[in-house]
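Along the sequence shown, the residues carry numbers beginning at 1.
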Amino acid sequence: ELVGYHIGMNPTFHRVKTKILIKTTGIFLEELIHNSDDLHYTHVILDEVHERDINIDLVLVMMRDLMMKNKKIKLILMSATIQTSSFAKYFSEILPNKVFPPIIEIKEQLNPVDIYYLDKIMHNVNSLNYKGEPQKHLINQFQFEITNPYLDERLFRVGVELLEEIQKDYEQEVKSGKHISSVLVFLPGIAEIIAFKDYILGHMSNLDNIEIFILHSNISDEEQSAIFRDIKERKIILSTNIAESSITIPNNDFVIDFCLVKEIMFDQHSHRESLELRWASRANCEQRGGRTGRTGKGRIFRLIPEDFYKKFLSDFATPEILRTSLEK
(Lines give C-alpha, C1' and ligand atoms only; values in the text may rest on other atoms or scores of the structure.)
Protein backbone atom coordinates (compact mmCIF):
# COMPACT_ATOMS: atom_id res chain seq x y z
CA GLU A 1 0.00 0.00 0.00
CA LEU A 2 2.84 2.40 0.79
CA VAL A 3 4.55 1.74 -2.58
CA GLY A 4 2.37 1.24 -5.64
CA TYR A 5 2.72 1.07 -9.41
CA HIS A 6 0.68 1.95 -12.48
CA ILE A 7 1.48 0.19 -15.77
CA GLY A 8 -0.96 0.39 -18.67
CA MET A 9 -4.40 -0.77 -17.56
CA ASN A 10 -2.98 -2.21 -14.35
CA PRO A 11 -3.12 0.36 -11.51
CA THR A 12 -1.92 -1.27 -8.27
CA PHE A 13 -1.89 1.34 -5.53
CA HIS A 14 -4.03 2.82 -2.75
CA ARG A 15 -5.60 6.23 -3.44
CA VAL A 16 -4.80 7.50 0.07
CA LYS A 17 -2.11 5.31 1.65
CA THR A 18 0.34 5.09 -1.27
CA LYS A 19 3.18 7.60 -0.84
CA ILE A 20 5.57 6.34 -3.56
CA LEU A 21 4.04 5.60 -6.96
CA ILE A 22 6.01 4.06 -9.83
CA LYS A 23 4.49 4.49 -13.28
CA THR A 24 5.44 4.47 -16.94
CA THR A 25 6.28 7.77 -18.62
CA GLY A 26 3.27 7.39 -20.93
CA ILE A 27 0.84 7.06 -18.02
CA PHE A 28 2.36 10.09 -16.30
CA LEU A 29 2.12 12.11 -19.53
CA GLU A 30 -1.62 11.34 -19.75
CA GLU A 31 -1.97 12.53 -16.15
CA LEU A 32 -0.17 15.78 -16.95
CA ILE A 33 -2.35 16.38 -20.01
CA HIS A 34 -5.69 15.78 -18.28
CA ASN A 35 -5.02 16.52 -14.62
CA SER A 36 -2.03 18.85 -14.24
CA ASP A 37 -3.90 21.33 -12.02
CA ASP A 38 -4.68 18.63 -9.46
CA LEU A 39 -1.36 16.84 -9.01
CA HIS A 40 -0.43 16.08 -5.40
CA TYR A 41 3.17 14.99 -5.92
CA THR A 42 5.99 16.69 -4.01
CA HIS A 43 8.72 15.08 -6.13
CA VAL A 44 8.82 13.68 -9.66
CA ILE A 45 11.76 11.40 -10.54
CA LEU A 46 12.13 10.87 -14.29
CA ASP A 47 14.57 8.07 -15.10
CA GLU A 48 16.47 7.22 -18.31
CA VAL A 49 15.98 10.72 -19.72
CA HIS A 50 18.84 10.15 -22.19
CA GLU A 51 16.48 8.01 -24.30
CA ARG A 52 14.70 11.16 -25.54
CA ASP A 53 11.58 9.37 -26.75
CA ILE A 54 8.48 11.47 -27.40
CA ASN A 55 6.89 10.71 -24.02
CA ILE A 56 10.01 11.81 -22.12
CA ASP A 57 10.41 15.03 -24.10
CA LEU A 58 6.73 15.98 -23.75
CA VAL A 59 6.84 15.28 -20.01
CA LEU A 60 9.87 17.59 -19.75
CA VAL A 61 7.99 20.35 -21.64
CA MET A 62 4.89 20.01 -19.47
CA MET A 63 6.84 19.71 -16.22
CA ARG A 64 8.69 22.93 -17.01
CA ASP A 65 5.37 24.72 -17.58
CA LEU A 66 3.92 23.18 -14.40
CA MET A 67 6.91 24.22 -12.29
CA MET A 68 6.50 27.83 -13.38
CA LYS A 69 3.08 27.76 -11.66
CA ASN A 70 3.84 25.30 -8.85
CA LYS A 71 7.07 26.35 -7.13
CA LYS A 72 6.88 23.56 -4.51
CA ILE A 73 7.17 20.53 -6.80
CA LYS A 74 10.71 19.16 -7.30
CA LEU A 75 11.90 17.42 -10.46
CA ILE A 76 14.81 14.97 -10.48
CA LEU A 77 16.21 13.78 -13.83
CA MET A 78 18.30 10.60 -13.87
CA SER A 79 20.48 8.75 -16.36
CA ALA A 80 23.90 7.14 -16.56
CA THR A 81 24.59 8.93 -19.86
CA ILE A 82 22.70 12.22 -19.51
CA GLN A 83 23.69 15.39 -21.42
CA THR A 84 23.81 17.37 -18.18
CA SER A 85 24.48 20.79 -19.76
CA SER A 86 21.53 20.55 -22.20
CA PHE A 87 19.00 19.55 -19.56
CA ALA A 88 20.35 22.00 -16.99
CA LYS A 89 20.19 24.88 -19.49
CA TYR A 90 16.62 23.98 -20.47
CA PHE A 91 15.39 24.19 -16.88
CA SER A 92 17.57 27.14 -15.90
CA GLU A 93 15.24 29.33 -18.01
CA ILE A 94 12.54 29.09 -15.32
CA LEU A 95 14.84 29.50 -12.29
CA PRO A 96 15.69 32.83 -10.61
CA ASN A 97 18.62 34.53 -12.38
CA LYS A 98 18.64 31.55 -14.79
CA VAL A 99 21.05 29.61 -12.57
CA PHE A 100 21.77 25.98 -13.50
CA PRO A 101 20.01 23.45 -11.28
CA PRO A 102 22.38 21.31 -9.17
CA ILE A 103 24.01 18.34 -10.91
CA ILE A 104 24.71 15.38 -8.64
CA GLU A 105 27.14 12.68 -9.74
CA ILE A 106 26.98 9.34 -7.95
CA LYS A 107 30.08 7.22 -8.34
CA GLU A 108 29.21 3.54 -8.34
CA GLN A 109 31.63 1.01 -6.87
CA LEU A 110 31.40 -1.42 -9.77
CA ASN A 111 33.59 -4.37 -10.65
CA PRO A 112 36.32 -3.81 -13.25
CA VAL A 113 35.10 -3.86 -16.86
CA ASP A 114 37.31 -4.55 -19.89
CA ILE A 115 36.29 -3.24 -23.34
CA TYR A 116 37.43 -4.97 -26.53
CA TYR A 117 36.91 -3.69 -30.08
CA LEU A 118 37.01 -5.76 -33.24
CA ASP A 119 40.69 -5.03 -33.86
CA LYS A 120 41.71 -6.51 -30.52
CA ILE A 121 39.22 -9.37 -30.74
CA MET A 122 40.56 -10.48 -34.13
CA HIS A 123 44.12 -10.30 -32.79
CA ASN A 124 43.51 -12.23 -29.56
CA VAL A 125 41.07 -14.98 -30.54
CA ASN A 126 43.29 -17.68 -32.06
CA SER A 127 40.70 -19.11 -34.43
CA LEU A 128 40.13 -15.64 -35.93
CA ASN A 129 43.78 -14.68 -36.21
CA TYR A 130 44.68 -16.03 -39.66
CA LYS A 131 48.44 -16.56 -39.80
CA GLY A 132 50.35 -14.47 -42.26
CA GLU A 133 47.55 -11.95 -42.89
CA PRO A 134 48.05 -8.36 -41.72
CA GLN A 135 45.62 -7.18 -39.05
CA LYS A 136 44.28 -4.31 -41.18
CA HIS A 137 43.38 -6.74 -43.97
CA LEU A 138 41.40 -8.88 -41.52
CA ILE A 139 39.35 -5.88 -40.39
CA ASN A 140 38.82 -4.62 -43.95
CA GLN A 141 37.01 -7.81 -44.92
CA PHE A 142 33.98 -6.45 -43.05
CA GLN A 143 31.75 -3.59 -44.18
CA PHE A 144 31.53 -0.51 -41.96
CA GLU A 145 29.91 2.26 -43.96
CA ILE A 146 29.19 5.49 -42.14
CA THR A 147 26.10 6.60 -44.06
CA ASN A 148 24.81 3.14 -44.99
CA PRO A 149 24.90 0.93 -41.87
CA TYR A 150 24.97 -2.75 -42.69
CA LEU A 151 25.15 -5.86 -40.51
CA ASP A 152 27.81 -7.98 -42.16
CA GLU A 153 26.73 -11.52 -41.28
CA ARG A 154 30.36 -12.63 -41.47
CA LEU A 155 30.60 -10.97 -38.05
CA PHE A 156 28.39 -13.80 -36.78
CA ARG A 157 31.48 -15.98 -36.90
CA VAL A 158 33.28 -13.54 -34.60
CA GLY A 159 30.31 -13.66 -32.23
CA VAL A 160 30.27 -17.47 -32.15
CA GLU A 161 34.05 -17.65 -31.58
CA LEU A 162 33.63 -15.29 -28.61
CA LEU A 163 30.89 -17.53 -27.21
CA GLU A 164 33.20 -20.53 -27.65
CA GLU A 165 35.96 -18.73 -25.73
CA ILE A 166 33.55 -17.73 -22.94
CA GLN A 167 32.18 -21.27 -22.68
CA LYS A 168 35.68 -22.69 -22.05
CA ASP A 169 35.38 -21.38 -18.47
CA TYR A 170 32.03 -23.09 -17.82
CA GLU A 171 33.38 -26.09 -15.86
CA GLN A 172 35.59 -23.84 -13.77
CA GLU A 173 32.63 -21.60 -12.91
CA VAL A 174 30.59 -24.66 -11.86
CA LYS A 175 33.42 -25.99 -9.64
CA SER A 176 33.96 -22.61 -7.99
CA GLY A 177 30.33 -22.52 -6.88
CA LYS A 178 29.91 -18.96 -8.18
CA HIS A 179 27.11 -17.89 -10.48
CA ILE A 180 27.19 -18.96 -14.12
CA SER A 181 27.81 -15.78 -16.10
CA SER A 182 25.18 -14.76 -18.65
CA VAL A 183 26.01 -13.32 -22.07
CA LEU A 184 23.92 -10.45 -23.43
CA VAL A 185 24.12 -9.92 -27.21
CA PHE A 186 22.76 -6.68 -28.70
CA LEU A 187 21.32 -6.94 -32.23
CA PRO A 188 19.22 -4.35 -34.10
CA GLY A 189 16.00 -6.31 -34.71
CA ILE A 190 14.10 -9.58 -34.54
CA ALA A 191 15.24 -10.72 -38.01
CA GLU A 192 18.90 -10.34 -37.02
CA ILE A 193 18.23 -12.06 -33.69
CA ILE A 194 16.71 -15.11 -35.40
CA ALA A 195 19.53 -15.19 -38.00
CA PHE A 196 22.22 -15.12 -35.29
CA LYS A 197 20.42 -17.75 -33.23
CA ASP A 198 20.32 -20.06 -36.27
CA TYR A 199 24.01 -19.36 -36.88
CA ILE A 200 24.89 -20.29 -33.28
CA LEU A 201 22.90 -23.54 -33.51
CA GLY A 202 24.56 -24.41 -36.81
CA HIS A 203 28.16 -23.41 -36.09
CA MET A 204 28.91 -23.59 -32.36
CA SER A 205 30.97 -26.73 -31.79
CA ASN A 206 29.41 -27.61 -28.44
CA LEU A 207 25.87 -26.66 -27.52
CA ASP A 208 25.95 -28.42 -24.14
CA ASN A 209 25.32 -26.32 -21.04
CA ILE A 210 23.99 -23.29 -22.86
CA GLU A 211 20.44 -22.01 -23.25
CA ILE A 212 19.54 -19.33 -25.80
CA PHE A 213 16.85 -16.73 -25.05
CA ILE A 214 15.29 -14.06 -27.26
CA LEU A 215 14.44 -10.67 -25.79
CA HIS A 216 12.25 -8.42 -27.93
CA SER A 217 9.35 -6.07 -27.18
CA ASN A 218 6.92 -8.32 -29.06
CA ILE A 219 7.55 -11.54 -27.10
CA SER A 220 5.09 -12.58 -24.42
CA ASP A 221 5.45 -11.88 -20.69
CA GLU A 222 5.97 -15.61 -20.12
CA GLU A 223 8.88 -15.70 -22.56
CA GLN A 224 10.39 -12.59 -20.97
CA SER A 225 10.03 -14.08 -17.49
CA ALA A 226 11.91 -17.21 -18.57
CA ILE A 227 15.09 -15.13 -18.87
CA PHE A 228 15.12 -14.61 -15.10
CA ARG A 229 14.90 -18.31 -14.21
CA ASP A 230 17.77 -19.68 -12.13
CA ILE A 231 19.31 -22.39 -14.32
CA LYS A 232 22.60 -24.32 -14.37
CA GLU A 233 23.30 -23.62 -18.04
CA ARG A 234 24.92 -20.46 -19.37
CA LYS A 235 22.29 -18.03 -20.63
CA ILE A 236 22.90 -16.44 -24.01
CA ILE A 237 20.35 -13.63 -24.40
CA LEU A 238 19.88 -12.19 -27.88
CA SER A 239 18.25 -8.80 -27.45
CA THR A 240 17.35 -5.54 -29.12
CA ASN A 241 17.97 -2.28 -27.24
CA ILE A 242 15.10 -3.22 -24.89
CA ALA A 243 17.84 -4.54 -22.57
CA GLU A 244 19.73 -1.22 -22.58
CA SER A 245 17.74 0.12 -19.66
CA SER A 246 14.29 -1.48 -19.47
CA ILE A 247 15.45 -4.88 -18.23
CA THR A 248 18.47 -5.91 -16.15
CA ILE A 249 19.70 -9.49 -16.62
CA PRO A 250 21.01 -11.14 -13.42
CA ASN A 251 24.66 -12.31 -13.33
CA ASN A 252 25.43 -10.76 -16.70
CA ASP A 253 29.22 -10.57 -17.02
CA PHE A 254 29.53 -10.39 -20.82
CA VAL A 255 28.11 -8.03 -23.45
CA ILE A 256 28.57 -8.61 -27.19
CA ASP A 257 27.47 -5.50 -29.05
CA PHE A 258 27.02 -5.24 -32.83
CA CYS A 259 26.59 -1.45 -32.24
CA LEU A 260 23.49 -1.19 -34.43
CA VAL A 261 19.90 -0.14 -33.76
CA LYS A 262 16.66 0.11 -35.71
CA GLU A 263 14.87 3.45 -35.39
CA ILE A 264 11.63 4.84 -36.81
CA MET A 265 12.49 7.59 -39.30
CA PHE A 266 10.10 9.98 -41.07
CA ASP A 267 10.78 10.66 -44.76
CA GLN A 268 9.77 14.25 -45.58
CA HIS A 269 9.48 13.47 -49.30
CA SER A 270 7.29 10.36 -49.15
CA HIS A 271 5.59 11.44 -45.87
CA ARG A 272 6.00 7.92 -44.54
CA GLU A 273 7.67 6.41 -41.53
CA SER A 274 9.96 3.42 -41.81
CA LEU A 275 12.18 1.36 -39.53
CA GLU A 276 15.77 2.07 -40.54
CA LEU A 277 19.04 0.44 -39.56
CA ARG A 278 21.37 2.98 -37.92
CA TRP A 279 24.62 2.97 -36.02
CA ALA A 280 23.95 3.18 -32.30
CA SER A 281 25.21 6.30 -30.55
CA ARG A 282 28.11 6.07 -28.12
CA ALA A 283 25.63 6.84 -25.32
CA ASN A 284 23.59 3.80 -26.40
CA CYS A 285 26.72 1.65 -26.39
CA GLU A 286 27.70 2.91 -22.95
CA GLN A 287 24.25 2.03 -21.64
CA ARG A 288 24.62 -1.46 -23.12
CA GLY A 289 28.03 -1.80 -21.54
CA GLY A 290 26.53 -0.80 -18.21
CA ARG A 291 24.59 -4.07 -18.21
CA THR A 292 27.76 -5.88 -17.15
CA GLY A 293 30.19 -5.58 -14.25
CA ARG A 294 27.45 -5.60 -11.63
CA THR A 295 28.00 -9.02 -10.06
CA GLY A 296 31.55 -9.77 -11.22
CA LYS A 297 34.27 -8.67 -13.60
CA GLY A 298 32.67 -7.46 -16.84
CA ARG A 299 33.76 -7.79 -20.45
CA ILE A 300 32.32 -5.80 -23.35
CA PHE A 301 32.99 -6.86 -26.94
CA ARG A 302 32.10 -4.21 -29.54
CA LEU A 303 32.13 -5.71 -33.01
CA ILE A 304 33.36 -2.61 -34.81
CA PRO A 305 36.90 -1.17 -35.06
CA GLU A 306 37.86 1.17 -32.21
CA ASP A 307 38.78 3.96 -34.62
CA PHE A 308 35.37 3.74 -36.33
CA TYR A 309 33.60 3.79 -32.95
CA LYS A 310 35.40 6.90 -31.73
CA LYS A 311 35.35 8.88 -34.99
CA PHE A 312 32.01 8.13 -36.62
CA LEU A 313 29.43 7.14 -33.99
CA SER A 314 27.48 10.14 -32.70
CA ASP A 315 27.68 11.11 -29.03
CA PHE A 316 23.93 10.80 -28.45
CA ALA A 317 20.93 9.40 -30.31
CA THR A 318 18.71 11.79 -32.29
CA PRO A 319 15.62 12.62 -30.17
CA GLU A 320 12.54 10.79 -31.43
CA ILE A 321 10.59 14.04 -31.83
CA LEU A 322 13.08 15.10 -34.55
CA ARG A 323 12.68 11.91 -36.60
CA THR A 324 8.97 11.16 -36.45
CA SER A 325 5.80 12.55 -38.00
CA LEU A 326 4.44 15.48 -35.99
CA GLU A 327 0.90 14.44 -36.97
CA LYS A 328 1.08 11.92 -34.15
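- For T18, the side chain to side chain contact (heavy atoms under 4.5 Å, CB included) criterion is met by F13, H14, L21, not counting sequence neighbours.
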Query raised in the report: Do F142 and L303 pass the side-chain contact (heavy atoms from CB on, under 4.5 Å) test, and can you show the C-alpha distance, the side-chain angles, and the key distance before you say yes or no?
Result: CA-CA 10 Å; F142 303 113; L303 301 190; over 6 Å; no
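- Atom CD of Q167 is separated from atom CD of E171 by 8.5 Å, given to the nearest 0.5 angstrom.
- With sequence neighbours left out, the ring-ring contact (aromatic ring centres under 6.0 Å, His included) criterion links F87 to no other residue.
- In terms of modelled atom types and a separation under 3.5 Å, the side chain of D257 and the main chain of G289 share no donor-acceptor contact.
- Taken together through direct or relayed side-chain contacts under 4.5 Å among Ile, Leu, Val, Met, Phe, Trp and Tyr, F301 and L187 form part of one hydrophobic cluster.
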Below 3.5 Å, can you tabulate the donor-acceptor pairs from side chains in residues 92-103 to any protein atom, sequence neighbours excluded?
residue	atom	partner	partner atom	Å
S92	OG	K89	O	2.7

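- L46 contributes atom CG, which lies 9.0 Å from atom CE of M78 (distance to the nearest 0.5 angstrom).
- Counting heavy atoms from C-beta on, the side chains of E31 and Y41 come closer than 4.5 Å.
- Under the 4.5 Å side-chain heavy-atom criterion for ILVMFWY residues, no single connected hydrophobic cluster contains both L155 and V261.
- Residues N241 and R288 meet the side-chain proximity criterion, which asks for heavy atoms closer than 4.5 Å.
- Heavy-atom contacts from other residues, nucleotides or ligands closer than 6.0 Å to NZ of K23 number more than 12.
- Partners of F254 under the ring-ring contact (aromatic ring centres under 6.0 Å, His included) rule, at least two apart in sequence or in another chain, do not exist in this structure.
- The two residues D47 and I56 make their nearest non-hydrogen contact at O-CD1, 4.5 Å.
- Formation of a donor-acceptor pair under 3.5 Å by the S281 side chain with backbone atoms of N284 is found in this model.
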Query raised in the report: For L260 and Y150, what are the C-alpha separation, side-chain angles and deciding distance, and is it a side-chain contact (heavy atoms from CB on, under 4.5 Å)?
Result: CA-CA 9 Å; L260 287 160; Y150 168 73; over 6 Å; no
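- Inspection of the D253 and S181 side chains reveals an N or O donor paired with an N or O acceptor under 3.5 Å.
- The structure places CD1 of I304 at 9.5 Å from CG of D119, a figure rounded to the nearest 0.5 Å.
- Applying the salt bridge (charged side-chain N to carboxylate O under 4.0 Å, His left out) criterion to D198, with sequence neighbours excluded, gives no partner residue.
- Side-chain atoms of T84 and E105, non-hydrogen and from C-beta on, never get closer than 4.5 Å to each other.
- To the nearest 0.5 Å, the span separating CD1 on I300 from CD1 on I115 amounts to 4.5 Å.
- Panel note: side chain N111, backbone G293; a donor-acceptor pair is recorded below 3.5 Å.
- Partners of F28 by ring-ring contact (aromatic ring centres under 6.0 Å, His included), not counting sequence neighbours: none found.
- Nearest approach of L277 to L151, heavy atoms of both residues: CD2-N, 4.1 Å.
- No donor-acceptor pair under 3.5 Å is formed between the side chain of R291 and the backbone N or O of L184.
- Applying the salt bridge (charged side-chain N to carboxylate O under 4.0 Å, His left out) test to R282 and every residue at least two apart in sequence or in another chain returns D315.
- With hydrogens and angles disregarded, a donor-acceptor distance shorter than 3.5 Å links the side chain of R323 to the backbone of T318.
- Residues passing the ring-ring contact (aromatic ring centres under 6.0 Å, His included) test with F308, sequence neighbours excluded: F144, W279, F312.
- With hydrogens and angles left out, the side-chain atoms of S325 and E273 include no donor and acceptor closer than 3.5 Å.
- Side-chain contact check for I54 versus T324: some heavy-atom pair is nearer than 4.5 Å.
- Judged as a salt bridge (charged side-chain N to carboxylate O under 4.0 Å, His left out), and not counting sequence neighbours, R294 has no contacts.
- The two residues K235 and I227 have their closest heavy-atom pair at NZ-O, 2.6 Å.
- Criterion: ILVMFWY side-chain heavy atoms under 4.5 Å apart, direct or through other members. Under it, F316 and Y90 are not part of a common hydrophobic cluster.
- Of the inter-residue distances, the one linking I219 atom CD1 with I190 atom CD1 reads 8.0 Å to the nearest 0.5 angstrom.
- Evaluation of the side-chain hydrogen bond (donor to acceptor under 3.5 Å, both in side chains) rule for D57 yields R52 as partners, not counting sequence neighbours.
- L215 and V183 fall within the same hydrophobic cluster, defined by Ile, Leu, Val, Met, Phe, Trp and Tyr side-chain heavy atoms under 4.5 Å apart, directly or through other members.
- The distance from the CD1 atom of I22 to the CD1 atom of I27 is 14.0 Å, given to the nearest 0.5 Å.
- Applying the salt bridge (charged side-chain N to carboxylate O under 4.0 Å, His left out) criterion to E223, with sequence neighbours excluded, gives no partner residue.
- Follow the hydrophobic side-chain contacts under 4.5 Å out from V44 and you reach L39 in the same cluster.
- For the pair E233 and I180, the minimum side-chain heavy-atom distance is 4.5 Å or more.
- In plain terms, the two heavy atoms of L313 and C285 that are nearest each other are CD2-SG, 4.2 Å.
- Of all heavy-atom pairs spanning N252 and S182, the tightest one is OD1-O, 3.2 Å.
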Listed pairs under 3.5 Å, donor-acceptor, residues 201-214 side chains, sequence neighbours left out:
residue	atom	partner	partner atom	Å
H203	ND1	Y199	O	3.1
S205	OG	E164	OE1	3.0
S205	OG	E164	OE2	3.0
N206	OD1	D208	N	2.9
E211	OE2	R229	NH2	3.4

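- In the displayed structure, R154 atom CZ is contacted under 6.0 Å by more than 12 heavy atoms of other residues, nucleotides or ligands.
- Here the shortest heavy-atom pairing between H216 and I242 reads C-CD1, 4.3 Å.
- Not one N or O on the side chain of T240 forms a donor-acceptor pair closer than 3.5 Å with the backbone of G189.
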Does the pair K262 and E192 meet the rule for a side-chain contact (heavy atoms from CB on, under 4.5 Å), with working shown?
CA-CA 11 Å; K262 281 187 177 174; E192 293 81 5; 3.2 Å; yes
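- A heavy-atom distance below 4.5 Å is found between the side chains of L75 and L77.
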Worksheet item: side-chain contact (heavy atoms from CB on, under 4.5 Å) between R272 and F266: does it pass, once the steps are laid out?
Response: CA-CA 6 Å; R272 295 190 178 197; F266 178 69; 6.0 Å; no
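- Counted within 6.0 Å of CD1 on I33, heavy atoms from surrounding residues, nucleotides or ligands total more than 12; the atom is thus considered enclosed.
- In this pair, F156 and F258 present their aromatic rings perpendicular. The plane angle is above 60°, beyond the 30 to 60° band.
- Residues L60 and F91 have side chains in contact (heavy-atom distance under 4.5 Å, counting atoms from C-beta outward).
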